[in-house]
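Following: one structure in structure tokens, then a few remarks.
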Amino acid sequence: MSKPETSLMDRLTALCKRRGFIFQASEIYGGLNGFWDFGPLGVQLKNNLRDAWWHDMVDCPPLGPDGKPLSIVGIDTSIIQHPKTWIASGHVAGFADLMVDCRESKKRYRADHIKVYTVGYSTPKGVGAWSLGVLEGDDAELQVLKRAKKLVQKQGGGDVRIDSSKPDTLTDIWERHEDIYGPDAENPGTLTEPRAFNLMFHSYSGVFQNEDSKVYLRPETAQGIFLQYKNVLDSTRVKPPFGIAQVGKSFRNEVTPRNFIFRSREFEQMEMEFFCAPEDGMMWYEFWVGERLRWWEAQGVSKDNLFRHVIADADLSHYSKGTSDIEYRYPFTAPGFGELEGVAYRTDYDLKQHQEHSKTNLEYIDQENNRRYVPHVVEPASGLTRGVLVLLCEAYQYDESRASPEWLKLKPSLAPIKVGIFPLMNKDGMPEVAEKLYMDLRRTYTCQYDAKQSIGKRYARMDEAGTPFCITIDGDTLTNQTVTIRNRDTAQQEKVALDKVRAYLAERLSA
RNA sequence: GCGGGUGUAGCUUAGUGGUAAAGCUCCAGCCUUCCAAGCUGGCUAUGAGGGUUCGAUUCCCUUCACCCGCUCCA
């Protein structure tokens with residue numbers, strides 16, 4: 001396997017465009033940062049991955065530790081929910097803060113965390129005052145003096161003293177920004193204007209656009225599940241432990257969309273919230289981490305490229321008692337890993353927040369044990385968009401010895417096209433037989449009929465699409481009723497009787 | 001958001017202050033008995049906007065997108 005000059009991601013991106021997996025959104029207008037469209041093959045692949053997840057999560061969930069199937073139901077909630085949802089979840093408050101960037105140190109600060117001290121100095125060259133910005137903290141004054149002394153040294157020595165009895169907050173005295181030193185800057189005036197960095201998209205519901213009608217596009221699908229948890233409980237006869245699963249679009253105003261579809265501003269999530277008794281939280285957390293790792297392997301992702309990243313206690317969100325990221329070795333993170341799915345033990349934080357903000361009791365009444373509690377939640381939240389990227393990265397093969405050096409080794413059940421059907425030649429009755437076979441197989445499998453150009457080109461096209469099997473109707477079909485089935489992975493061909501084709505495919509294409 | 005880089009056809013590349021070139025892909029037809037074969041023909045490009053100029057793909061400015069590093073990733 002020789003390696004071409006261009007990077008793997010560049011080649012994969014080019015293949016995705018060439019074959020219709022993924023296009024840049026609004027390409028004819030120059031593109032739009034952070035948005036991508038799925039083409040005909042891409043949407044098939046994405047739907048196949050989504051359906052596999054739904055099947056293994058909702059229709060046929062894994063067995064629990066007791067050997068009995070888990071109880072998980074589906075839901076599909078609105079992208080736009082009551083604005084209070086995001087106040088309760090913490091998404092509004094956490095991102096309302098104004099931020100400033102420092103052009104010199106390249107650091108970003110919360111504007112209200114920068115305290116500005118006025119420091120008078122007297123040196124042989126003269127007297128004056130500096131406005132020194134420093135991050136608020138116990139030793140802020142100490143830091144200010146230290147930096148002032150440094151500045152004085154540069155001017156040949158002298159005295160400094162803090163003039164301000166109380167420091168100003170940067171946001172209050174922003175008009176003086178040209179004189180202000182950033183916390184890590186050696187020159188004044190390097191801070192950018194304070195800006196809000198809310199990661200949520202917003203819009204207005206109704207014709208009047210004002211603060212009262214402001215709504216948000218969900219930054220995660222999870223909250224919709226929490227909001228309907230009680231309705232599901234009351235209408236479905238489920239009881240803890242049970243799960244609610246959802247697949248859908250989410251939106252985040254990412255600061256830096258990057259790496260193809262890895263970090264985009266509109267993306268799709270597959271999330272499941274698993275509700276359980278408080279004392280069982282950690283057990284289910286471990287259960288789901290193992291289960292989800294196993295699942296990704298079952299989709300054809302090699303074990304070596306998957307990694308469980310246990311979030312250190314110090315880095316955990318305030319509401320989480322344990323979080324593990326399931327990471328994948330993407331070409332752009334290699335030899336390191338990047339997130340694919342997060343499994344978080346969120347405790348009862350979300351339900352309690354919504355209980356408080358909505359003033360609705362969200363307790364579960366456990367009549368068997370005569371107690372009531374707000375369930376704890378374990379959340380396996382995975383990126384469907386990222387999943388597609390992982391499948392593509394994992395499937396991409398480069399082999400100079402093949403007629404089509406680039407090909408996709410997708411798991412057959414996930415491949416966008418399952419079977420290519422070709423008449424070897426466009427005459428002698430072959431197209432008629434091929435079309436008949438196509439009309440039969442397409443009822444069961446996603447098939448593509450192709451009679452154009454040489455047989456080699458047709459195989460090559462199917463290789464790039466990741467189609468696992470190609471069936472060719474040849475001269476023998478007309479005399480012996482056999483077809484040639486060509487295997488994508490081995491490029492080997494075998495003769496199969498026409499009436500055995502369905503059985504052949506069924507055996508190899510079942511999940 | 002900061003810094004650096006890159007933008008010519010679907011892809012890979014050429015070229016020029018004066019009609020934008022080629023190979024592969026793709027499409028049509030012919031041919032063709034299994035891996036991008038051959039023949040003929042065809043479609044398609046200077047990211048966008050502005051400026052300088054008689055004339056800009058080329059020079060200048062702005063903007064957009066993509067790539068790399070930083071930052072961010074609740």
Side-chain angles (χ1 to χ4, degrees), chain A residues 4-7 9-11 13-20 23-36 86 89-97 99-109 190-195 197-200 219-220 222 252-260 262-265 267 315-320 323 325 332 338-339 342 344 383 401-407 422-428 430 452-464 470-479 483-488 491-495:
Chain A
E5 293 285 310
T6 44
S7 79
M9 279 311 291
D10 285 347
R11 281 177 283 135
T13 309
L15 188 151
C16 282
K17 181 178 181 181
R18 185 166 69 244
R19 287 298 165 211
F23 306 126
Q24 193 178 16
S26 307
E27 193 188 61
I28 63 170
Y29 285 110
L32 187 60
N33 192 307
F35 296 89
W36 299 88
W86 311 110
S89 70
H91 288 91
V92 171
F95 292 93
D97 308 312
M99 308 291 285
V100 294
D101 289 306
C102 176
R103 293 191 188 89
E104 184 184 313
S105 68
K106 310 294 182 205
K107 290 193 174 170
R108 174 170 294 164
Y109 315 93
T190 61
L191 294 176
T192 62
E193 194 170 346
R195 287 168 293 217
F197 276 83
N198 197 310
L199 265 64
M200 278 194 292
E220 62 177 26
R252 297 182 195 178
N253 245 323
E254 295 289 355
V255 177
T256 314
R258 202 58 83 78
N259 293 320
F260 202 25
F262 177 74
R263 176 169 294 123
S264 47
R265 290 185 167 138
F267 57 101
D315 298 333
L316 285 176
S317 310
H318 55 286
Y319 54 74
S320 178
T323 300
D325 285 345
F332 47 83
E339 189 182 345
S401 71
R402 289 171 70 113
S404 56
E406 290 182 297
W407 59 289
F422 318 143
L424 182 59
M425 285 184 306
N426 225 354
K427 60 178 187 183
D428 296 341
M430 293 182 199
K452 296 291 173 63
Q453 299 172 313
S454 71
I455 192 77
K457 283 193 184 185
R458 286 178 262 169
Y459 285 148
R461 273 197 285 267
M462 286 296 104
D463 273 354
E464 286 196 338
C470 292
I471 303 178
T472 300
I473 280 55
D474 51 33
D476 292 344
T477 312
L478 306 172
T479 53
V483 296
T484 304
I485 301 187
R486 182 259 197 184
N487 183 299
R488 174 197 67 193
Q492 296 298 307
Q493 311 184 111
E494 57 183 304
K495 293 278 183 184

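Each chain gets a letter, A, B and so on, in the order the sequences are listed, and its residues count up from 1.
Look at the C1' atom in both B/rC24 and B/rA45: the space between them is 16 Å, to the nearest Å. Separation of the P atoms belonging to B/rC61 and B/rG3 is 16 Å when rounded to the nearest angstrom. Only the P atoms considered, B/rG5 is 16 Å distant from B/rU63, to the nearest whole Å. Rounded to a whole angstrom, the distance from the C1' atom of B/rU16 to that of B/rU58 is 7 Å. Between the P atoms of B/rU8 and B/rC39, the separation comes to 29 Å (whole Å).
When the C1' atom of B/rU12 is taken as reference, atom NZ of A/Lys17 falls 14 Å away, rounded to whole Å. Across the protein-nucleic acid pair, A/Asp315 atom CG and B/rC72 atom P stand 13 Å apart, rounded to whole Å. Whole-Å rounding puts the A/Asn426 CG to B/rG29 C1' distance at 12 Å. In this structure, the OH atom of A/Tyr29 is 17 Å from the P atom of B/rC64, given to the nearest Å.
Residues forming a side chain to side chain contact (heavy atoms under 4.5 Å, CB included) with A/Met425 (at least two apart in sequence, or on another chain): A/Lys427, A/Asp428, A/Met430. With sequence neighbours excluded, the residues satisfying side chain to side chain donor-acceptor pair (under 3.5 Å) with A/Thr484 are A/Asp474, A/Lys495. The ring pair (Phe, Tyr, Trp, His ring centres under 6.0 Å) test applied to A/Trp36 returns A/Phe260, not counting sequence neighbours. For A/Phe332, the ring pair (Phe, Tyr, Trp, His ring centres under 6.0 Å) partners two or more places apart in sequence, or in a different chain, are A/Phe262, A/Tyr330. With sequence neighbours excluded, no residue satisfies ring pair (Phe, Tyr, Trp, His ring centres under 6.0 Å) with A/Phe267. Listed by chain and residue number, A/Leu15, A/Arg18, A/Arg19, A/Glu406 satisfy the side chain to side chain contact (heavy atoms under 4.5 Å, CB included) test with A/Glu464 (two or more places apart in sequence, or in another chain). A/Arg258 meets the side chain to side chain contact (heavy atoms under 4.5 Å, CB included) test with A/Thr256; sequence neighbours excluded.
An OP1 or OP2 oxygen of B/rC64 is reached within less than 4.0 angstrom by no side-chain nitrogen or oxygen of A/Asn33. Between A/Asn259 and B/rC66 there is no side-chain polar atom (N or O) within less than 4.0 angstrom of OP1 or OP2.
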All N/O contacts under 3.5 Å from nucleotides 60-63 of chain B to the protein, with atom names and distances to one decimal?
none

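Base pairing of B/rU63 is made with B/rG47, judged by Watson-Crick or G-U wobble geometry with both donor-acceptor distances under 3.5 Å.
When heavy atoms are screened at a 4.0 angstrom cut-off, A/Gln24 is found touching the sugar-phosphate backbone but no base atom. In this structure, A/Phe260 reaches the sugar-phosphate backbone alone: every heavy-atom distance under 4.0 Å involves primed, P, OP1 or OP2 atoms, never a base. Contacts of A/Ser317 with the nucleic acid, taken as non-hydrogen atoms under 4.0 Å apart, involve only primed sugar atoms and P, OP1 or OP2.
Comparing A/Glu339 and A/Phe332 along RNA chain B, the residue whose closest nucleotide (by nearest heavy atom) sits nearer the 5' end is A/Phe332.
Atoms CD and CZ, on A/Gln453 and A/Arg461 in that order, are 4.5 Å from each other to the nearest 0.5 Å.
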Assess the residue pair A/Cys470 and A/Phe422 against the criterion (side chain to side chain contact (heavy atoms under 4.5 Å, CB included)); give the C-alpha distance rounded to whole Å, side-chain angles, the decisive distance to 0.1 Å, and a yes or no. CA-CA 7 Å; A/Cys470 292; A/Phe422 318 143; 3.8 Å; yes
Once base and sugar-phosphate atoms are separated, protein heavy atoms under 4.0 Å mark nucleotides 33-44 of chain B, 5' to 3', with B, S and - as BBBBB-------
